Amino acid sequence: MNTQLEKKCNDFSEIMETLKKKYPSMDPKAAGFMSFLFTEEGKGPDREKLDDAQNGLNIEDCSFDMPGEILKYVLIAKAALSGDPAGFYDSMGEINSKIRAGKLFENGNELLAAMMLAEAGDKIDADKEAKRIAQILKEMNKDHPILTNRNDTVSATLLSLIYPDKTPRQIADEVNACYKELRKKLVVNTATMMDMTQYMGEAPVVGVDVSDYLDNEIQAAAAIAAAEKGEPEEKCGKIKDLLDGLGKKDMVPDFNNELSLVSALAALPESAEEIAADLAEADKYLAGKAGSWDASALMLLAAGKDKFPAASLLVPAVALLLAEAE
């Protein structure tokens, strides 16, 4: 294991133990996501800021709906990391209202979108971004009216922030191009039938496109791929290679919520074979930790985030998507 990845894994383990002591009844998955967010920022938990963040979220006049258990702790971590939990929540509340005015979907993804925009702060015009995100979703809906739903809000927000100079139609076209490539490349074969049965609850037919079962997940992965530079065929080909490499190491991801994570990992500059090998080492190193496969993959992304341009937004966005999927 390379030195940087080992350090991230060690930091993650130490932070998670600290958080588990502070929140003994916390869901293990929530502990994992919180730990990643602190590790990704290279900071340890500040108990005072965590208390301020938790107290601020629990007040009666909170300006957004209380999130579910895992998202609650993700939000606490993000607010604590901001250094000003009260100000962070105020900004989120204002943006959340603007997002709703833009008629985006009202669910956990909406809350996560508001969180991402609040973090962007003065770098963006929240009013314009809310309208732009809504337009990106409308354009995506024109291509896939059944597939595009509230679960795409975070993806649309990510793409809007990464491509401020592209039109909503251009962004939707890139997502659609990646979607079509993934549909062509992710075909079930005899070697993966049992694994797919395990994750989907039913056996796919040999030679049938995985998208017949996983259209929503493929669109989410396509949006992550669209956030990276390069041709759709090349990017999606690497995703397929990485899935094959993980399968050889008995590390097949849960296709119902981790395909986006694989899509993000494929953005790393290393070969699919090298990424799979690093993942296997990290997974063994973190064995027994909350969401070991997720944690290993996220640590690898955090360790390599300086190697690909969109990482500053892509890495935390993937974690937020995973948190909402739990």
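Every value quoted in this text rests on a predicted model; they were computed, and no experiment measured them.
Residues passing the side-chain hydrogen bond (donor to acceptor under 3.5 Å, both in side chains) test with E40 are K305, sequence neighbours excluded. Judged as a side chain to side chain contact (heavy atoms under 4.5 Å, CB included), and not counting sequence neighbours, the contacts of A295 are F12, L286. Here N141 pairs with nothing under the side-chain hydrogen bond (donor to acceptor under 3.5 Å, both in side chains) rule; sequence neighbours left out. Under the rule for a side-chain hydrogen bond (donor to acceptor under 3.5 Å, both in side chains), the partners of K7 that lie at least two apart in sequence or sit in another chain are D11. Evaluation of the side chain to side chain contact (heavy atoms under 4.5 Å, CB included) rule for A30 yields M26, D27, I70, Y73 as partners, not counting sequence neighbours. The side-chain hydrogen bond (donor to acceptor under 3.5 Å, both in side chains) search around E17 returns K289, not counting sequence neighbours. Scanning for side chain to side chain contact (heavy atoms under 4.5 Å, CB included) contacts around A177 gives P232, with sequence neighbours left out. Legend: residues meeting salt bridge (Lys or Arg N to Asp or Glu O under 4.0 Å) with D46, ordered by chain and number and at least two apart, are absent.
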Tell me which donor-acceptor pairs under 3.5 Å the side chains of residues 77-87 have, and how far apart each pair is, sequence neighbours excluded?
| residue | atom | partner | partner atom | Å |
| --- | --- | --- | --- | --- |
| K78 | NZ | E119 | OE1 | 3.3 |
| K78 | NZ | E119 | OE2 | 3.1 |
| S82 | OG | A79 | O | 2.5 |
| S82 | OG | D84 | N | 3.2 |
| S82 | OG | D84 | O | 3.4 |
| D84 | OD1 | G87 | N | 3.2 |

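Side chains of I275 and L246 form no contact here, defined as non-hydrogen atoms less than 4.5 Å apart. Between L112 and T153, every side-chain heavy-atom pair lies at or beyond the 4.5 Å cut-off.
Within the structure, the salt bridge (Lys or Arg N to Asp or Glu O under 4.0 Å) test picks out the following pairs touching residues 48-58 (sequence neighbours left out): K22-D51. Contacts classified as salt bridge (Lys or Arg N to Asp or Glu O under 4.0 Å) and involving residues 162-181 (residues at least two apart or in different chains) are given here: E139-R169, D143-R169, R169-D173, E174-K235, E181-K184, E181-K185. For the salt bridge (Lys or Arg N to Asp or Glu O under 4.0 Å) condition, the pairs that include at least one residue of residues 266-287, sequence neighbours left out, are E270-K307.
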